[in-house]
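Structure first, then comments.
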Amino acid sequence: GEVLHIVGAGMAGSEAAWQAAEAGVPVILHEMRPQVGTFAHRTGLCAEMVCSNSFRSDDDRNNAVGQLHWEMRAANGLLMRMADRHKLPAGGALAVDRDAFATDVTEVLSDHPLITIAPGEITDLPADGHWIIATGPLTSAALGRSILGLTGAEALAFFDAIAPIVHADTIDMDIAWRQSRYDKGETEAERTAYINCPMTRDEYEAFIDALLAAEKTEFHAGEESSAPDPTPYFDGCLPIEVMAERGRDTLRFGPMKPVGLTNIHRPADKPYAVVQLRRDNALGTLYNIVGFQTKMKYGAQTDVFKMIPGLQNASFARLGGIHRNTFLNSPSLLDDRMRLRARPNLRFAGQVTGVEGYVESAAMGLLAGRMAAAGILGRDLPPPPGTTAMGALVHHITGGADARTFQPMNVNFGLFPPVEAKGGRRGRKDRYPAYTDRAKADFQAWLAA
Ligand code: FAD
């Protein structure tokens, strides 16, 4: 019969290979490691966990990722079975012994009569045959360029940038004030959602000088060289120092624009620039600096950010940073069968589709593997309903999300259609079991059909 090729034996590719082979379809699993490495992987094993060793919460009643675990177990998921087998004590979380886990996954896949592991990098998107591309956030440079050729630069991101987060109680509110730009918002809370830090012209010029002079981090070894040249950033993600390099006034007309804001401490003085901070958690204890993603070195960041009036004593919960994360603008590129609209013989799965996390990536691999196998066997497999964790995720990336602002997504109850708690209105948390009960029933019906 026809063969399914899968590129990448990470979380998504390993699970996809298992699912397709279990459905009776022969699989060739292409993996570039250990011949070609990434800056994060250490071994040549399948399903290597590159950072933490946790699959997060295993609570399938009250937690969306726990519900996703449940669905993957119900669907004969290999990675969940291996995680359960190599579980470490970790409270409610599913932590695993990463080496034992990856070794076992590799053995099970190698021993499967329908799976062949083919070592080597795939450098071009193939024109014919059935393929799943599951090359992850660290997709090799050559393949990244080939994908770029098909999708265009607007539809493929190479970096994720994060902005620093400040402890709210360390912001000097004798200098800063709360106000949303143009006082926008229905409620008082919305009209005061931002904290603003004013700058005079002299303060702004000194700040720009410091920004330009600050030491920047180099990319991890191999990271920069594996990005295409010139490096495409999503435009909303430009590091501030890159913006400053484009012109001394770029920031003043960008994230630091002073319009629509009045300094309540000195209403007569119009600020030359304003740094805005946005609430980062429901408690209001953390604020992120809007538009301040950066690759300055950590020491330089604290020095430069403390020059911002109001942040002179700030303490940072997290500093900014930038890391490689290749992902497609899936809402504009993929159909709900995870196929590239422009080339339906190519499916994508895992983090490269814009989901975030080991579990989410494996879940998208599970689905892509089943869908591809069904296609080869002459059947059509629709995605699970949006009321399930797996369905909610795949609906989000293939259409539910706004393509213009698409960013990698973890599974969460916000992706599920609302459900009313029994006994009238109650808190959000009381509704979680109602979400997961509905998800389990609907997932089982999908599996049976
Ligand atoms: P991967 O697991 O990376 O698998 C992709 C595979 O494709 C790799 O084996 C790679 O070698 C191979 N490959 C790439 N290009 C080619 C090619 N051209 N030809 C052949 N093979 C190729 N998620 C969490 O849940 N927890 C964390 O702590 C966490 N930490 C992370 C830390 C870093 C540095 C990064 C980059 C990501 C992290 N993630 C984390 C996010 C993400 O969930 C993981 O990266 C996850 O492994 C993604 O699964 P995947 O299958 O999509 O990609």
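Order of listing sets the numbers, starting from 1, for every ligand and every atom in it. Below, each value reflects all heavy atoms present in this structure, side chains not excepted, and no hydrogens, waters or symmetry copies.
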Around atom 33 (C) of ligand 1, find the nearest protein heavy atom and jot down its residue, atom name and distance.
-> V50 CG2, 3.9 Å

According to the interplanar angle, ranging from 0 to 90°, do the rings of F443 and W70 count as parallel (below 30°), tilted (30 to 60°) or perpendicular (above 60°)?
-> perpendicular

Report the nearest protein non-hydrogen atom to atom 52 (O) of ligand 1: residue, atom name, distance rounded to 0.1 Å.
-> Q351 N, 2.8 Å

Search all heavy atoms of S110 against all heavy atoms of I117 and return the closest pair with its distance.
-> OG-CD1, 3.7 Å

Which is it for E360 and ligand 1 at heavy atoms under 4.0 Å: side chain, backbone, both or neither?
-> neither

S54 and Y358, any side-chain heavy atoms less than 4.5 Å apart | no

Going through the checks in order, is the side chain to side chain contact (heavy atoms under 4.5 Å, CB included) test met by R341 and L333?
-> CA-CA 6 Å; R341 288 200 177 95; L333 295 172; 5.7 Å; no

Part of S361 within contact of ligand 1 (heavy atoms, under 4.0 Å) = side chain

For side chain to side chain donor-acceptor pair (under 3.5 Å), just list the numbers for N76 and Q19, CA-CA rounded to whole Å, side-chain angles, deciding distance to a tenth of an Å, and then say yes or no.
-> CA-CA 8 Å; N76 181 32; Q19 293 289 333; 5.1 Å; no

What's the verdict on ring-ring contact (aromatic ring centres under 6.0 Å, His included) for F55 and F101, showing C-alpha distance, side-chain angles and the deciding distance?
-> CA-CA 12 Å; F55 277 4; F101 168 81; 5.7 Å; yes

Residue pair A40 / L138: nearest heavy atoms and the distance that separates them = CB-CD1, 3.7 Å

State the atoms of ligand 1, each with its element, that fall below the 4.0 Å cut-off from a heavy-atom position in H41.
-> 3 (O)

Would you name the heavy atoms of M72 and A363 that are closest together and state the gap between them?
-> CE-N, 3.6 Å

Just heavy atoms, cut-off under 4.0 Å: does V7 contact ligand 1 by side chain, backbone, both, or neither?
-> side chain

If you count the non-hydrogen atoms of other residues, nucleotides and ligands that lie under 6.0 Å from CD in E215, is the total more than 12?
-> no

Does any N or O atom in G13 lie less than 3.5 angstrom from one in ligand 1, N or O only?
-> no

Report the nearest protein non-hydrogen atom to atom 25 (O) of ligand 1: residue, atom name, distance rounded to 0.1 Å.
-> Y358 N, 2.8 Å

Heteroatom distance test (V359, ligand 1): nitrogen or oxygen, under 3.5 angstrom | no

Nitrogen or oxygen of R324 less than 3.5 angstrom from that of ligand 1 = no

Is the shortest N/O to N/O distance between R33 and ligand 1 below 3.5 Å?
-> yes

In ligand 1, which numbered atoms sit nearer than 4.0 Å to a non-hydrogen atom of A12?
-> 51 (O)

Measuring from the heavy atoms of G120, does anything fall under 4.0 Å of ligand 1?
-> yes

Under-4.0 Å heavy-atom contact with ligand 1, by part of A134 that carries it | backbone

Distance to 0.1 Å, residue and atom name: give those for the protein heavy atom nearest to atom 30 (N) of ligand 1.
-> C51 CB, 3.0 Å

To the nearest 0.1 Å, how far is atom 53 (O) of ligand 1 from its closest protein heavy atom, and which atom is that?
-> G136 CA, 3.3 Å

Describe, in one word, how the ring planes of F207 and F292 are oriented to each other, choosing from parallel (under 30°), tilted (30 to 60°) and perpendicular (over 60°).
-> parallel

Distance-only N or O hit between ligand 1 and T123, under 3.5 Å = no

Identity of the nearest option to atom 14 (C) of ligand 1, non-hydrogen atoms only, from L79, T135, T38 = T135

Among all protein heavy atoms, pick the one closest to atom 47 (O) of ligand 1 and tell me residue, atom and distance.
-> M11 CG, 3.6 Å

Closest non-hydrogen contact found for P126 with N345 is O-ND2, 3.9 Å

Which value, rounded to the nearest 0.5 Å, describes the distance between I397 atom CD1 and N329 atom CG?
-> 11.0 Å

How many angstroms lie between atom CZ of R73 and atom CG of L79, to the nearest 0.5 angstrom?
-> 12.0 Å

Under 3.5 Å, N or O to N or O, is F39 touching ligand 1 that way?
-> no

Can you find an N or O of E31 that's nearer than 3.5 Å to an N or O of ligand 1?
-> yes

Subset of ligand 1 atoms that lie under 4.0 Å from at least one heavy atom of L143 = 18 (N)

Side chain to side chain, Q67 and K440, heavy atoms closer than 4.5 Å = yes

Can an N or O of M32 be found at a distance shorter than 3.5 Å from an N or O of ligand 1?
-> yes

Got a second to check how far L366's CG is from S361's OG, nearest 0.5 Å?
-> 12.5 Å

Consider every N or O of S54 and every N or O of ligand 1, then say whether any pair is closer than 3.5 Å.
-> no

List every atom of ligand 1 that sits less than 4.0 Å from any heavy atom of G350, numbering the atoms from 1 in the order shown and giving each element.
-> 52 (O)

